[in-house]
Amino acid sequence: MNDEITEILETAMFKEVSSSATYRRAAETTSDPAVAALLRELADEEDVHLAMVKNLKLDQITKSSRFSGLVQGLKTTEHLKAPDELPGADLGETLLFAIRQEGTSVAFYTSLMGLFGSEALKNLCQALAWQELAHKARLELLYERLFYTEN
């Protein structure tokens, strides 16, 4: 089981590093200061996620009960098309891209939960999914505030 936990943690760390690098690279190429600031903030948050995953202790995973009450996504952006790349994206497109990325991570960790019989591994996957879902919900709230305001 320790090998499986190590593999999940390494995969999670790779996903966080990759996301951070994607956001930082895009921040360097945009000419829009608001988009660049958002991208740097997203990259910083991915770095925080990375540190959290790195600092997870095995006994925290195995002794905790299943995490309950996952944060629900707002789903206000599910019908909107996100760009496939960040270069050239405006603020709204950047948010949609990030929301889609977080949703993909949630789905990845949630699907992993079904692969393991071990409660510890399910707890780990659910904790990682929750972390990504909370990030997605925060981005959805920001998108809603910026682009779905009442007249």
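Numbers here are sequence positions counted from 1.
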Subject >> Euclidean distance, Leu42 CG relative to Thr94 OG1, rounded to 0.5 Å >> reply: 8.5 Å

Original post:
What's the shortest heavy-atom distance between Glu93 and Gly88, and which atoms?
Top reply: OE1-O, 4.1 Å

Original post:
Are Phe147 and Val35 connected in a single hydrophobic cluster, I mean Ile/Leu/Val/Met/Phe/Trp/Tyr linked by side-chain heavy atoms less than 4.5 Å apart?
Top reply: yes

**OP:** For residues Ser20 and Ala43, report the shortest heavy-atom separation together with the two atoms involved.
**Re:** OG-O, 3.4 Å

**OP:** Evaluate the side-chain proximity of Leu96 to Arg100: yes if any heavy-atom separation is below 4.5 Å, no if none is.
**Re:** no

Using distance only, find each side-chain donor-acceptor pair of residues 8-17 under 3.5 Å and give its atom names and separation, not counting sequence neighbours.
unit_1, atom_1, unit_2, atom_2, d
Thr11, OG1, Glu7, O, 2.9
Glu16, OE1, His49, ND1, 3.4

Subject >> Verify same cluster id: Trp130, Met52 (apolar side-chain graph, 4.5 Å) >> reply: no

**OP:** Write down the atom of Tyr143, the atom of Gly92, and the distance for their closest heavy-atom approach.
**Re:** CE1-O, 3.6 Å

Original post:
Taking a hydrophobic cluster as the set of Ile, Leu, Val, Met, Phe, Trp and Tyr residues connected by side-chain heavy atoms closer than 4.5 Å, whether directly or through intermediates, do Leu146 and Leu39 fall within one such cluster?
Top reply: yes

Original post:
From Leu38 CG over to Leu91 CG, what is the distance, rounded to the nearest 0.5 angstrom?
Top reply: 6.0 Å

Subject >> Atom pair CG (Leu128) and CG (Asn123), whose distance is rounded to the nearest 0.5 Å >> reply: 11.0 Å

Subject >> Steps toward salt bridge (Lys or Arg N to Asp or Glu O under 4.0 Å) verdict (Glu132, Lys136) >> reply: CA-CA 6 Å; Glu132 301 297 342; Lys136 180 179 182 278; over 6 Å; no

**OP:** State whether the side chain of Thr30 and the backbone N or O of Ala26 hold a donor-acceptor pair below 3.5 Å, judged by distance alone.
**Re:** no

**OP:** Specify the closest pair of heavy atoms between Cys125 and Leu112, including all atoms of both residues, with the distance to one decimal.
**Re:** SG-CB, 3.5 Å

**OP:** Starting at CD of Glu102, measure out to CD of Glu140 and round the result to the nearest 0.5 Å.
**Re:** 10.0 Å

Original post:
Between Thr22 and Phe97, is any pair of side-chain heavy atoms under 4.5 Å apart?
Top reply: yes

**OP:** Measure the spacing between CD1 of Ile99 and CG of Leu141 and express it to the nearest 0.5 Å.
**Re:** 9.5 Å

Original post:
Mind checking what makes side chain to side chain donor-acceptor pair (under 3.5 Å) contact with Arg138, not counting sequence neighbours?
Top reply: Glu41, Glu45

Subject >> Spatial distance of atom CD (Gln126) from atom OG1 (Thr110) [nearest 0.5 Å] >> reply: 8.0 Å

Original post:
Salt-bridged, Glu28 to Arg24, with N to O below 4.0 Å?
Top reply: no

